[in-house]
Each structure stands twice: as structure tokens, then as C-alpha cells.
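Index from 1, following the sequence.
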Amino acid sequence: MKARKGVVFFIAVLLLVSIIFVSGCTDKGSEGGDSKTVKSGDTVKVDYTGKLEDGTVFDTSREDAAKQAGIYVEGGEYAPLTFVVGSGQVIQGFDEGVIGMKIGEEKTLKIPPDKAYGEYDKTKILAVPIEELNLTNRSEIPEVGQSLRDMNGNQYKVTSVNDTHITLDANHELAGKTLTFDIKLISIE
């Protein structure tokens with residue numbers, strides 16, 4: 001009878017240890033394994049390369065990627081992007097995309113316009129009479145492609161100019177575009 005209780009006890013202990021092991025309830029932190037993952041509120045550093053659907057690189061944190069894509073700017077700062085996850089410092093899709101990542105992990109995010117810079121909005125195109133610009137002479141008229149800011153800090157791109165009006169577009173230059181980001185998580189604070 002005592003031998004039977006011993007066998008039952010041994011099997012129960014063996015079963016309990018197996019359940020703990022299989023469920024992943026082991027401490028890997030003290031063995032050098034870093035199991036920490038990104039969560040909202042963490043400050044993270046991420047290397048990234050942003051591309052349009054056709055593969056055109058529009059931004060990167062990596063100097064080598066900028067040179068390869070032909071968008072390198074001499075004296076530009078190429079360093080990992082640091083931001084607080086969930087704070088709205090980056091576009092929503094990027095914010096959501098890093099959650100759950102581990103240090104050193106690489107990932108490709110495909111971000112639709114509604115989680116990036118929004119859909120292109122035709123109501124944000126304005127035709128402004130040149131006389132309302134209060135220019136001292138015609139040589140001050142903005143040129144097509146030029147960016148302007150109003151006194152509230154809103155940015156506009158000049159899309160056309162004629163004798164009487166200039167047309168301004170207040171949409172972000174990436175509005176209406178699906179963006180792809182190749183990212184690598186550098187650190188979690």
C-alpha cells in the first residue's frame with residue numbers, strides 16, 4: 001500500500017513538473033535569454049526603411065540604405081528612431097507593429113493609409129487668389145513644388161500657379177498611400 005502511494009505521489013510530481021515545463025513557466029532571464037517584448041508605454045529604438053508600394057524608398061534610419069536608394073543627404077542624421085510606444089509619436093500602424101517584438105527581431109510592416117497618413121482628401125486643395133497673399137511684388141509669388149506654412153503651422157504644397165490664383169494642397173505627401181516598413185528592434189527601455 002505504501003509503495004502504491006509512493007508511485008502515485010511520484011507520478012503526480014512528474015505530471016506537475018511536466019505541466020510547468022510545457023506551459024513555459026520557466027525563468028530564462030537569469031540564463032541570459034531575453035524574453036522581454038515591446039508593450040505600450042515602452043521606449044524603443046528601431047532601425048527602419050520606409051518604402052512605397054512600388055519599392056521606392058522614401059525614408060530610412062540607415063545611412064547604407066539611404067545611399068543604396070539614392071536618397072542620401074550629406075550631413076543627414078542616420079540613427080535608430082526612438083519613440084514611446086502608444087504615445088502617438090509615430091503613425092498608428094508603426095506604433096501597433098512594434099508591439100510584441102523582441103530585441104534583435106526584424107519585421108516587415110504593411111501599413112494601409114488609414115493607419116498611416118490618411119486617405120487623400122480633395123477638400124484639402126485650396127485655390128487662393130494671389131491678391132490675398134499680401135505680396136509686395138509679383139516676384140514673391142510661390143513656385144510649384146514649394147512648401148508653405150501658415151501662421152498656425154499648417155503645411156501646404158503649391159501645386160499650380162496662374163495669373164490670378166495659386167493652388168495649395170494641405171494633404172500629407174504620403175496621404176492615400178500604403179506604406180511598407182522593414183524594421184529591426186534595437187532596444188527596449
Side-chain angles (χ1 to χ4, degrees), residues 38 40-63 65-99 101 107-185:
V38 176
S40 188
D42 287 340
T43 298
V44 297
K45 284 188 181 182
V46 178
D47 259 331
Y48 70 91
T49 298
K51 302 177 208 168
L52 302 175
E53 287 184 289
D54 66 2
T56 303
V57 174
F58 64 85
D59 194 16
T60 184
S61 64
R62 298 177 29 230
E63 185 173 336
K67 287 179 178 177
Q68 185 178 3
I71 62 167
Y72 177 74
V73 176
E74 187 71 38
E77 186 177 331
Y78 295 95
L81 172 66
T82 302
F83 66 98
V84 177
V85 178
S87 68
Q89 293 174 311
V90 295
I91 59 175
Q92 182 183 354
F94 200 101
D95 229 353
E96 293 171 354
V98 298
I99 292 177
M101 288 184 73
K107 187 186 239 186
T108 297
L109 306 175
K110 189 170 186 174
I111 304 174
D114 64 317
K115 293 198 176 201
Y117 294 96
E119 296 294 340
Y120 189 84
D121 184 355
K122 290 182 180 180
T123 65
K124 290 185 175 182
I125 298 173
L126 313 166
V128 179
I130 290 174
E131 64 191 40
E132 288 184 17
L133 297 177
N134 297 323
L135 304 174
T136 55
N137 63 52
R138 301 271 305 165
S139 67
E140 294 177 345
I141 295 175
E143 296 178 11
V144 172
Q146 188 175 346
S147 290
L148 306 172
R149 287 195 185 275
D150 65 16
M151 64 181 119
N152 297 322
N154 299 314
Q155 188 165 332
Y156 303 88
K157 186 169 188 169
V158 179
T159 58
S160 70
V161 178
N162 63 31
D163 289 337
T164 60
H165 289 79
I166 67 167
T167 304
L168 304 172
D169 188 346
N171 285 288
H172 188 280
E173 64 184 317
L174 296 173
K177 299 186 185 313
T178 297
L179 309 177
T180 301
F181 286 92
D182 295 324
I183 62 174
K184 180 177 182 180
L185 183 65

(request) Could you pull out all residues at least two apart from Asn134 that satisfy side-chain contact (heavy atoms from CB on, under 4.5 Å)? (result) none

(request) Check side-chain hydrogen bond (donor to acceptor under 3.5 Å, both in side chains) between Glu131 and all other residues, then give those that pass, not counting sequence neighbours. (result) none

Would you be so kind as to tabulate the donor-acceptor pairs closer than 3.5 Å made by side chains of residues 49-57, with sequence neighbours excluded?
{"residue": "Thr49", "atom": "OG1", "partner": "Thr60", "partner atom": "OG1", "Å": "3.0"}
{"residue": "Lys51", "atom": "NZ", "partner": "Asp182", "partner atom": "OD2", "Å": "2.8"}
{"residue": "Asp54", "atom": "OD1", "partner": "Thr56", "partner atom": "N", "Å": "2.9"}
{"residue": "Asp54", "atom": "OD1", "partner": "Thr56", "partner atom": "OG1", "Å": "2.7"}
{"residue": "Asp54", "atom": "OD2", "partner": "Thr56", "partner atom": "OG1", "Å": "3.3"}

Which atom pairs, donor and acceptor, lie under 3.5 Å between side-chain atoms of residues 76-87 and protein residues at least two apart or in another chain?
{"residue": "Tyr78", "atom": "OH", "partner": "Val73", "partner atom": "N", "Å": "2.9"}
{"residue": "Ser87", "atom": "OG", "partner": "Val84", "partner atom": "O", "Å": "2.7"}
{"residue": "Ser87", "atom": "OG", "partner": "Gln89", "partner atom": "OE1", "Å": "3.2"}

(request) Can you see which heavy atom on Glu173 is nearest to which on Lys177, and at what distance? (result) O-CE, 3.7 Å

(message) Between Met101 and Ile183, is the side chain to side chain contact (heavy atoms under 4.5 Å, CB included) condition met? List the steps.
(response) CA-CA 10 Å; Met101 288 184 73; Ile183 62 174; 3.6 Å; yes

(message) Using 0.5 Å steps for rounding, measure from the CG atom of Leu168 to the OG1 atom of Thr159.
(response) 7.0 Å

(request) Locate the shortest heavy-atom distance separating Val158 from Pro142; write the atom from each residue and the value. (result) CG2-CB, 3.8 Å

(message) Can a donor-acceptor pair be found, under 3.5 Å and without considering hydrogens, that links the side chain of Glu140 to the backbone of Thr136?
(response) yes

(message) Run the side-chain hydrogen bond (donor to acceptor under 3.5 Å, both in side chains) test against Tyr120 and tell me which residues pass, sequence neighbours left out.
(response) Asp169

(request) Taking salt bridge (charged side-chain N to carboxylate O under 4.0 Å, His left out) as the test, write out the residues that go with Lys110, two or more places apart. (result) none

(request) Quick one: closest heavy-atom pair of Gly93 and Leu109, and the distance? (result) O-CD1, 4.1 Å

(request) Please identify each residue that fulfils side-chain hydrogen bond (donor to acceptor under 3.5 Å, both in side chains) with Tyr117, with sequence neighbours left out. (result) none

(message) Suppose we screen for salt bridge (charged side-chain N to carboxylate O under 4.0 Å, His left out). Which residues come up paired with Glu63, at least two apart in sequence or across chains?
(response) Lys67

(message) Any heavy-atom pair between the side chains of Phe181 and Ile91 that's under 4.5 Å?
(response) yes

(request) Taking atom CD of Gln68 as the centre, report whether more than 12 heavy atoms of other residues, nucleotides or ligands fall under 6.0 Å from it. (result) no

(message) Please give me the minimum heavy-atom distance between Ser61 and Asp47, naming the atom from each residue.
(response) OG-OD1, 2.7 Å

(request) Hey, could you give me the OG1/OH distance between Thr167 and Tyr156, rounded to the nearest 0.5 Å? (result) 13.5 Å

(request) Mind jotting down which residue pairs meet the salt bridge (Lys or Arg N to Asp or Glu O under 4.0 Å) criterion with at least one end in residues 88-97? Sequence neighbours excluded, please. (result) Glu96-Lys115

(request) Calculate, to the nearest 0.5 Å, the distance between atoms CG and CD1 belonging to Asn171 and Ile125 respectively. (result) 6.5 Å

(request) Answer yes or no: is there a donor N or O on one side and an acceptor on the other, between the side chain of Glu132 and the main chain of Pro129, under 3.5 Å? (result) no

(request) Scan residues 150-163 for pairs that pass salt bridge (Lys or Arg N to Asp or Glu O under 4.0 Å), counting only residues two or more places apart or in two chains. (result) none

(message) Can you list everything that forms a side-chain hydrogen bond (donor to acceptor under 3.5 Å, both in side chains) with Asp114? Sequence neighbours excluded, please.
(response) none

(message) What I'd like to find out is whether the side chain of Ile166 reaches to under 4.5 Å of the side chain of Ile130, using heavy atoms alone.
(response) yes

(message) According to salt bridge (charged side-chain N to carboxylate O under 4.0 Å, His left out), who are the partners of Asp42, at least two apart in sequence or on a separate chain?
(response) Lys39

